[in-house]
Amino acid sequence: MQKKFSLIILAVLISISLILYFYMKQLYTVESFEFIIIRMISILIINISFIFIMFIIDIELYRKITIYIIIIGVSFYTYYILKGFLNWLPFWWDFWDFIVFLVYAIIPPGMILFTIYYIRKDSSKYVGKTFEGKYHIHESFLGAVLMLVTFVLMILSFVLSQYEVFLNEFNFILEIIFLFLFYFLFFGGFLLFRDWNDLLQGKFIEKHTEKEEDSSIKYKSAIFNELGGENLHFFEIPKHKMFRFAIVLTSIALSTVIYRLELFPVEIFHLTPELLLFLGFLCGFIAGGMLGKDWFRLFKKFYPELYQEIEDLLNKLKNQ
């Protein structure tokens with residue numbers, strides 16, 4: 001009953017924000033200070049509302065909603081690109097604003113929930129597994145690969161931005177690159193910091209021998225095939241809670257990359273679009289890293305029973 005009431009309150013908040021936004025859009029020009037303020041407030045309220053919703057509704061339901069919204073968003077964005085080349089196509093700018101608000105409010109919590117979901121679903125396929133029977137690939141290696149990809153994308157975006165055609169007619173290409181940049185930075189940070197101890201020791205690809213594998217006691221859980229003493233650091237919970245702030249930071253970071261001056265108007269914050277883009281990428285990487293460090297505590301929020309099972313096995317390993 002309490003969850004239903006909370007959902008109703010959040011739905012009302014989102015509705016009021018959208019109504020005020022579209023009402024002010026009819027009264028003022030997009031350059032007016034009044035409209036700039038209501039747009040900034042609407043984006044923040046809608047984003048924060050979806051962060052609360054992720055903790056209220058079932059994780060499976062949120063995942064499905066995220067998929068449907070992304071499909072609608074991609075479809076409409078494709079139509080938007082076509083509109084740039086076929087001027088005779090009709091276009092509904094108010095509906096476009098609505099879709100953009102919705103998509104980029106739901107994606108940050110959605111991508112975090114997908115991450116937790118796949119940790120639960122697929123960890124047994126990869127934890128303790130070796131490549132060609134003897135090589136273990138650490139998450140730090142996968143994180144480093146993602147960071148290498150982001151570096152390539154950064155160079156590509158810089159090169160393309162030197163050409164006028166990519167700043168005007170084909171600006172959607174840069175926007176798509178920026179989106180992939182954000183996602184790779186976020187997940188790169190998540191993997192690097194989730195496997196922080198191995199990263200510091202330079203463990204990226206490790207060769208295992210049968211003797212080493214047989215010498216340690218292993219426990220099986222519903223999620224992980226085997227847990228040994230060498231895995232303890234992987235489940236360490238940091239002293240300070242990070243995941244709540246990291247979730248909010250993820251949402252703000254992605255919105256900064258997408259909206260830039262629309263979220264942080266120059267009249268108030270005196271920041272350039274280029275600086276905002278850089279800050280959005282940086283905050284996305286930091287948010288991913290914080291979630292990587294505090295992933296086990298976040299996992300507990302959504303799968304408390306599985307968390308307790310793992311915690312019991314970890315206590316056994318600690319007391320050996």
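From a predicted model like this one, the values you see are computed outputs, not experimental measurements.
- Note: Phe101 and Tyr21 meet the aromatic proximity criterion, with ring centroids under 6.0 Å apart.
- Rounded to the nearest 0.5 angstrom, Ile48 CD1 and Leu13 CG are separated by 10.0 Å.
- Under the 4.5 Å side-chain heavy-atom criterion for grouping Ile, Leu, Val, Met, Phe, Trp and Tyr, Leu275 is connected to Leu185 within one hydrophobic cluster.
- Open room surrounds CZ on Phe98; 12 or fewer heavy atoms of other groups in view lie less than 6.0 Å from it.
- In this structure, the side chain of Arg260 engages the main chain of Val257 through a donor-acceptor pair within 3.5 Å.
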*side-chain contact (heavy atoms from CB on, under 4.5 Å) assessment of Leu298 paired with Ile112*: CA-CA 10 Å; Leu298 178 61; Ile112 292 169; 3.7 Å; yes

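- No hydrogens or angles considered: nothing links the side chains of Asn171 and Glu175 as a donor-acceptor pair under 3.5 Å.
- Within 6.0 Å of atom OH in Tyr68, 12 or fewer heavy atoms from other residues, nucleotides or ligands are found, so the atom counts as exposed in its surroundings.
- Taking NZ of Lys25 as the start and CG of Leu18 as the end, the distance is 11.5 Å to the nearest 0.5 Å.
- At distances below 3.5 Å, at least one donor-acceptor pair connects side-chain atoms of Gln162 with backbone N or O atoms of Phe158.
- Annotation: Tyr79, atom OH; neighbour count of heavy atoms from other residues, nucleotides and ligands within 6.0 Å is above 12.
- Enclosure of atom CZ in Phe22 by more than 12 non-hydrogen atoms of other residues, nucleotides or ligands within 6.0 angstrom is indicated.
- Between the side chain of Ser42 and the backbone N or O of Ser17 there is at least one donor-acceptor pair closer than 3.5 Å.
- Two residues are said to be in side-chain contact when any heavy atoms from C-beta on lie closer than 4.5 Å; Leu102 and Phe50 meet this criterion.
- Aromatic ring orientation, Phe299 versus Tyr303: tilted (interplanar angle from 30° to 60°).
- With contacts defined as side-chain heavy-atom distances shorter than 4.5 Å, the pair Phe166/Ser161 does not qualify.
- Note on ring orientation: taking the six-membered ring where Trp is involved, the planes of Phe186 and Phe190 are parallel (angle under 30°, cut-offs 30° and 60°).
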_Working note: Glu311 + Phe296, criterion side-chain contact (heavy atoms from CB on, under 4.5 Å); need CA distance, chi angles, decisive distance, verdict._
CA-CA 10 Å; Glu311 184 69 14; Phe296 199 36; 3.6 Å; yes

*Are Tyr259 and Ile43 close enough, and set up right, to give a side-chain contact (heavy atoms from CB on, under 4.5 Å), and what steps lead you there?*
CA-CA 9 Å; Tyr259 298 108; Ile43 292 171; 3.7 Å; yes

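- For Lys301, the NZ atom counts as loosely surrounded, since its 6.0 Å shell holds 12 or fewer non-hydrogen atoms of other residues, nucleotides or ligands.
- Checked by atom type and distance alone, the side chain of Ser255 never pairs as donor or acceptor with a backbone atom of Ile252 at under 3.5 Å.
- Between Phe269 and Phe264, the ring-plane angle classifies as perpendicular under the 30° and 60° cut-offs.
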*Going through the distances and angles, do Leu191 and Phe141 end up as a side-chain contact (heavy atoms from CB on, under 4.5 Å)?*
CA-CA 8 Å; Leu191 292 172; Phe141 174 77; over 6 Å; no

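- One finds the OG atom of Ser251 at 11.5 Å from the CD1 atom of Ile106 (value rounded to the nearest 0.5 Å).
- Not a single donor-acceptor pair under 3.5 Å links the side chain of Arg120 to the backbone N or O of Phe302.
- In this structure, the side chain of Lys300 does not engage the main chain of Tyr307 through any donor-acceptor pair within 3.5 Å.
- We find the CG-CD1 distance between Leu160 and Ile155 to be 12.0 Å, quoted to the nearest 0.5 Å.
- Here the closest non-hydrogen pair linking Lys241 and Arg297 is CA-NH1, 3.3 Å.
- Note that CE of Met54 is 14.0 Å distant from OG of Ser49, once rounded to the nearest 0.5 Å.
- Nearest heavy-atom pair, Pro108 versus Leu254, reported as atom, atom and distance to 0.1 Å: CG-CD2, 3.7 Å.
- Two residues are said to be in side-chain contact when any heavy atoms from C-beta on lie closer than 4.5 Å; Leu10 and Ile45 fail this criterion.
- Aromatic rings from Phe95 and Phe76 are positioned such that their centres are separated by under 6.0 Å.
- At a threshold of 4.5 Å between non-hydrogen side-chain atoms, the residues Phe178 and Phe281 count as touching.
- Ring-plane geometry between Phe55 and Phe243 is classed as tilted, the angle between the planes lying from 30 to 60 degrees on a 0 to 90 degree scale.
- Ser75 has its side chain within reach of Ile71: a pair of non-hydrogen atoms, C-beta onward, lies under 4.5 Å apart.
- Of the possible polar contacts, one joining the Asn168 side chain to the Glu164 backbone as a donor-acceptor pair under 3.5 Å is found.
- By the 4.5 Å heavy-atom criterion applied to side chains, Ile37 and Ile41 are counted as neighbours.
- When all heavy atoms of Lys293 and Phe193 are compared, the pair lying nearest together is CD-O, 3.3 Å.
- Note: Leu44 CG to Met40 CE = 6.5 Å, rounded to the nearest 0.5 Å.
- Ring-plane geometry between Phe235 and Trp295 is classed as tilted, the angle between the planes lying from 30 to 60 degrees on a 0 to 90 degree scale.
- Clustering ILVMFWY residues whenever any of their side-chain heavy atoms sit less than 4.5 angstrom apart, transitively, puts Leu148 in a cluster other than the one holding Phe180.
- Using a distance-only test at 3.5 Å, with no hydrogens or angles considered, no donor-acceptor pair links the side chain of Lys3 to the main chain of Leu7.
- Around CD of Glu305, the count of heavy atoms belonging to other residues, nucleotides or ligands within 6.0 Å does not exceed 12.
- Across every non-hydrogen atom of Ile81 and Phe85, the tightest pair is O-CD1, 3.2 Å.
- Considering all non-hydrogen atoms of both residues, Thr150 and Met147 come closest at OG1-O, 2.5 Å.
- Residue Phe278 places its CZ atom among 12 or fewer non-hydrogen atoms of other residues, nucleotides or ligands, all under 6.0 Å distant.
- Side-chain contact between Ile119 and Arg194 is present, with heavy atoms from C-beta onward closer than 4.5 Å.
- Under a cutoff of 6.0 Å and an axis angle of 45°, Arg63 and Phe114 form a cation-pi pair.
- Of all heavy-atom pairs spanning Glu31 and Ile36, the tightest one is O-CD1, 3.6 Å.
- Side chain of Ser157 to backbone of Met154: a donor-acceptor contact under 3.5 angstrom is found.
- For the pair Leu263 and Thr256, the minimum side-chain heavy-atom distance is below 4.5 Å.
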